[in-house]
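Working notes, beginning with the structure itself.
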Amino acid sequence: MGKRRRVEEQRGKRRPVVAGGMIAVVVAGAGFGVYALYVGGAAADDGKQALWIRTDPPSAAEAKTVAERFLTAWQGGKVAQAAAATDDAAAASALLTGYAKDAHVTGVALSAGQATGARVPFSVKGTVTYKDVSKPLSYTGSLTVVRNPKNGKAQVDWHASVVHPDLQDGDRLVTGPAGTPPVKAVDRDGGELTTAKYPSLAPVLDGLREKYGKKAGGKAGVELQVVRGKAAKAKKVSDKTLLELSKGTPGTVKTTLSPGLQAAAEQQVAKTAKSSVVVLRPSTGEILAVANAGHGFNTAFNGALAPGSTMKVITSSLLIEKDLASADKTHPCPKTFTYGGWKFHNDDDFEITGGTFKASFARSCNTAFISQAPELNDDSLTKQAQQVFGLSMNDWAIGVPSFDGSVPVQSKAQMAASLIGQGGVRMNPLNMASVAATVKSGSFHQPYLVAPSVDDRTLAKASRTMSASTLSQLRELMNYTAAAGTAAEAMSGLGPDYGAKTGSAEVDNQDKPNGWFTAYRGDLAAAGVVQAGGHGGDTAGPIVASLLRLGG
C-alpha cells in the first residue's frame, strides 16, 4: 500500500496541511499511497504547479514495467532512451554505448523474468562479432528498480553489473585481440587446473594469465573480456575472459597446488556459505590449496578482514619478547579492562583468577592482552608483524594478486583493539595461514603459488626471527589451545605435533561475528574464515582441521 497518512475525509478527497511555507496534501486511494507536495505557499501564488512525489517502494508490477521499458530500449539500440530509465543516465549511456561499439555485441535479445519485489531477472542473447569471427553470447542478469527520491519516479538502480553480472562499476566490456595470451595452469603433479574441476580457481587462473601469459610462450586469440577499471584494480581484481571467439595458443604455468588438497578444499567450502581457506607448506611457503565458497572475489588471497583473536598469535610473540607475559607464569584476565576510554570485555565477561598466560591464550581472554597496552608503544605490534611475520609490508609476490595484511600504527583504544585483531588490523586466510606456518617453521617463508625461478622474482623476507625461547613458548600456547582450549574440538585426534588458535571478529551491522581459525600439523599450515558465521572453532575450525587431517 506504500506510505500514507490517516485522513478524516472520505476516500478521494484532499485536505491541505500548511507547515513551514509548504502545503502537504495526502491522497488516499485504493491500491496506492503517495505524498503530494505543493512547493511553498508563496510559490503556489506565483503560478507554479504542485509537485507530486511518491515515496513508497516500487511494487513488483511497477518494477516489471520499468524493467521492460529499459530492456526494450536497450534491445532496440536506443541508448539514450534506455539510459533515461535509470538513475544514472550518464554512466548507463557510456556502458551501453560500449556494449555495441567496444564489445561488438549485435542482435541483442532481452527477456524479463518474473519480478521478485523490485528485483527483475532477465536473459540476454546476442552475437559477438569481430572482423570475420562471430560467436553467440548468452547469459542471465538482473536489475533492481528503485524510487528516485527527487521526483518519485521508479527507475533502474544503475550499476555496471546490470549490463553483465561480472562487471564492477568502472569496468568495460571489450572484444578484440587479447593483449595477453592464454595459459594452461597445472598443479604440482602436472595435471591441468580448470574451473570446471576447481571452481574456486577462476580468479586465480585469471591472475596467472595476467602475470605469466606473455612470459609462458603462448599466442593470444580474439576474446570478449572484462577490462577492469580503477576501483577493481585497486582491489587487485584481474581482467576476465567472458567469451573466446578464436583460440589462442596457451603457454604452460606450473603451480604449487596439490590436486588432492585443492579438491578437498573445494568440497569443504562448498558446505559453508562465505567460507574461505588456504593451505601452506611451512618449510617452504608453497601454497597447496586455496578455495572460496563464492567464486567471484578471492577472499582467501585478497580479502581484508579483521582477524579477531587469531591475531593474538602475533601479539603473544610480542608480549613474550618484551617480558610482559610468559606461558606458564600467572597473568591477569579480568572481566573487563578500560584503556583509551574504551571498556573491553571478554566473551560473556568471563574472568580467570590466578591463571597462567597459557590459560588466557587457550581460552582467548581479551583482557589478558588489552591489559598490556599501557606497556607498549603505538608501533610495537606493527613492527612485530613486519619484522617477524613478514606482514603489512606490501611486498609479497606470490604469483597472482594478493593482499599482504595490514597492521597500521594506531594509538589509545584503537591500538589496544589491534592487539586482539580488531581496530584497523586487516588480514585474510593466506596471511593467517602464513602466521601459523611461521610459528611451525620458526621463521617466515613468503607464501607462493608459482616458484620464483619461473620469472626470477624476489620473495619477501622478514628482517629477524623470534628467539628460541619465544618460539618455544608460542608453540606451547598453540599446542595447548589445540589440545585443551577453544580449538580442541576441531583439532581432536590430530596431535601431538600440532597447534591452533581460534578467533571471532565483530563487524558493524552484522549479527554474527566472522569466525577465524589458524593451525598447523606436521609440515602443513592452514587458515580459514567464515564470514558472519560465529565462533571460529565451530565454523572455520572444522574446515581447516579436515584439510590438516587429509594432509597428515
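Note that the structure is predicted; figures quoted are calculated from it, not measured. These numbers come from the heavy atoms of this one structure, side chains and all, not from hydrogens, waters or symmetry mates. Numbers here are sequence positions counted from 1.
- Thr144 and Asp157 form no side-chain donor-acceptor contact under 3.5 Å, judged by distance and modelled atom types alone.
- Side-chain polar atoms of His535 and Ser504 form a donor-acceptor pair below 3.5 angstrom.
- Evaluated for a side-chain hydrogen bond (donor to acceptor under 3.5 Å, both in side chains) with His159, the options Asp169, Thr86, Asp88 yield exactly one hit, Asp169.
- Counting non-hydrogen atoms of other residues, nucleotides and ligands closer than 6.0 Å to CG of Asp511 gives a total of 12 or fewer.
- Of the possible polar contacts, none joining the Lys440 side chain to the Asp523 backbone as a donor-acceptor pair under 3.5 Å is found.
- Using modelled atom types, one finds no donor on one side chain facing an acceptor on the other under 3.5 Å when comparing Asn479 with Tyr498.
- Within the 3.5 Å criterion, the main-chain N or O of Val269 finds no donor-acceptor partner in the side chain of Thr272.
- Of the inter-residue distances, the one linking Arg147 atom CZ with Asp87 atom CG reads 13.0 Å to the nearest 0.5 angstrom.
- Residues satisfying the side-chain hydrogen bond (donor to acceptor under 3.5 Å, both in side chains) test with Lys383, not counting sequence neighbours, are Asp379.
- Around atom CD of Glu351, more than 12 heavy atoms belonging to other residues, nucleotides or ligands sit under 6.0 Å away.
- For the pair Leu208 and Lys211, the minimum side-chain heavy-atom distance is 4.5 Å or more.
- Side-chain N/O atoms of Asp378 and Ser411 include no donor and acceptor closer than 3.5 Å.
- Remark: Arg475 CZ is packed, more than 12 non-hydrogen atoms of other residues, nucleotides or ligands lying under 6.0 Å away.
- Listed by first and then second residue, the disulfide (SG to SG under 2.5 Å) pairs involving residues 324-424 are Cys333-Cys365 (not counting sequence neighbours).
- Of the possible polar contacts, one joining the Arg209 side chain to the Thr180 backbone as a donor-acceptor pair under 3.5 Å is found.
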Derivation of the side chain to side chain contact (heavy atoms under 4.5 Å, CB included) call for Val388 and Arg464: CA-CA 6 Å; Val388 178; Arg464 64 184 179 88; 3.5 Å; yes
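- For the residue pair Thr356/Lys329, the side-chain donor-acceptor check at 3.5 Å is not satisfied.
- Without hydrogens or angle criteria, Thr470 side chain to Met466 main chain gives no donor-acceptor distance under 3.5 Å.
- Side chain of Asp239 to backbone of Arg228: a donor-acceptor contact under 3.5 angstrom is found.
- Minimum heavy-atom separation, Pro203 to Ser200: CD-O, 3.4 Å.
- Side-chain polar atoms of Thr486 and Lys501 form no donor-acceptor pair below 3.5 angstrom.
- Two residues are said to be in side-chain contact when any heavy atoms from C-beta on lie closer than 4.5 Å; Ser142 and Val120 fail this criterion.
- Across all their heavy atoms, Ser316 and Leu474 have their closest contact at CB-CD1, 3.8 Å.
- The shortest side-chain heavy-atom distance between Leu305 and Asn428 does not fall under the 4.5 Å cut-off.
- For residues 349-375, the set of pairs meeting the ring pair (Phe, Tyr, Trp, His ring centres under 6.0 Å) definition, not counting sequence neighbours, comprises His331-Phe357, Phe357-Phe369.
- Judged purely by distance below 3.5 Å, without hydrogens or angles, the side chains of Ser309 and Lys312 pair a donor atom with an acceptor atom.
- Residues passing the side chain to side chain contact (heavy atoms under 4.5 Å, CB included) test with Asp395 are Met393, Asp404, Ala460, sequence neighbours excluded.
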Begin from the C-alpha positions of Glu375 and Lys322 and carry the test salt bridge (charged side-chain N to carboxylate O under 4.0 Å, His left out) through to its verdict. CA-CA 9 Å; Glu375 307 301 321; Lys322 291 186 174 294; over 6 Å; no
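- Side-chain atoms of Val237 and Asn302, non-hydrogen and from C-beta on, never get closer than 4.5 Å to each other.
- Taking both residues in full, the closest heavy atoms of Tyr198 and Gln262 are given as CD2-CG, 3.5 Å, listed atom of the first, atom of the second, then distance.
- Ala436 approaches Ala519 most closely through the heavy-atom pair CB-O, 3.6 Å.
- Here the shortest heavy-atom pairing between Leu449 and Ile287 reads N-CD1, 3.9 Å.
- Neither side chain, Thr194 nor Glu192, offers a donor N or O lying under 3.5 Å from an acceptor on the other.
- Residue pairs meeting the ring pair (Phe, Tyr, Trp, His ring centres under 6.0 Å) criterion with at least one member in residues 423-444, sequence neighbours excluded, are Trp396-Phe444.
- For Asn292 (side chain) and Ala300 (main-chain N/O), a donor-acceptor pair under 3.5 Å exists by modelled atom type.
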Could you check Leu95 against Trp158 for side chain to side chain contact (heavy atoms under 4.5 Å, CB included), going step by step and ending with a plain yes or no? CA-CA 11 Å; Leu95 197 54; Trp158 182 257; 4.0 Å; yes
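- Interatomic distance, Ile370 CD1 to Gln422 CD, rounded to the nearest 0.5 Å: 9.5 Å.
- A distance of 9.5 Å separates CG of Leu524 from OG of Ser283, quoted to the nearest 0.5 Å.
- One side chain, Gln155 or Asn148, offers a donor N or O that lies under 3.5 Å from an acceptor on the other.
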Check the pair Leu261 / Leu550 against side chain to side chain contact (heavy atoms under 4.5 Å, CB included), numbers first and verdict last. CA-CA 7 Å; Leu261 280 171; Leu550 178 66; 4.0 Å; yes
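- Residues Tyr520 and Val439 share a closest heavy-atom pair of CE2-CG1, 4.0 Å.
- Taken from OG1 in Thr465 to CD in Gln387, the straight-line distance is 11.5 Å, to the nearest 0.5 Å.
- Between the side chain of Asp497 and the backbone N or O of Arg521 there is no donor-acceptor pair closer than 3.5 Å.
- Side-chain atoms of Thr518 come within 3.5 Å of backbone N or O of Met432 as a donor-acceptor pair.
- Here Gln410 contributes atom CD and Met415 contributes atom CE; the two are 9.5 Å apart, rounded to the nearest 0.5 Å.
- Between atom CD of residue Gln168 and atom CZ of residue Phe297 there is a gap of 8.5 Å, rounded to the nearest 0.5 Å.
- Side-chain atoms of Glu321 and Ser467 form no donor-acceptor pair, as typed in the model, at a separation below 3.5 Å.
- Formation of a donor-acceptor pair under 3.5 Å by the Lys274 side chain with backbone atoms of Val530 is not found in this model.
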Start with the C-alpha distance between Asp349 and Lys335, add both sets of side-chain angles, then the distance that settles salt bridge (charged side-chain N to carboxylate O under 4.0 Å, His left out), and finish with yes or no. CA-CA 5 Å; Asp349 283 345; Lys335 291 181 179 180; over 6 Å; no
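- With sequence neighbours excluded, no residue forms a ring-ring contact (aromatic ring centres under 6.0 Å, His included) with His445.
- Side-chain contact between Tyr212 and Asp455 is present, with at least one heavy-atom pair separated by less than 4.5 Å.
- The closest donor-acceptor contact from the side chain of Thr255 to the backbone of Val186 lies under 3.5 Å.
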From CA spacing to verdict: side chain to side chain contact (heavy atoms under 4.5 Å, CB included), Leu257, Glu286: CA-CA 8 Å; Leu257 294 175; Glu286 294 168 279; over 6 Å; no
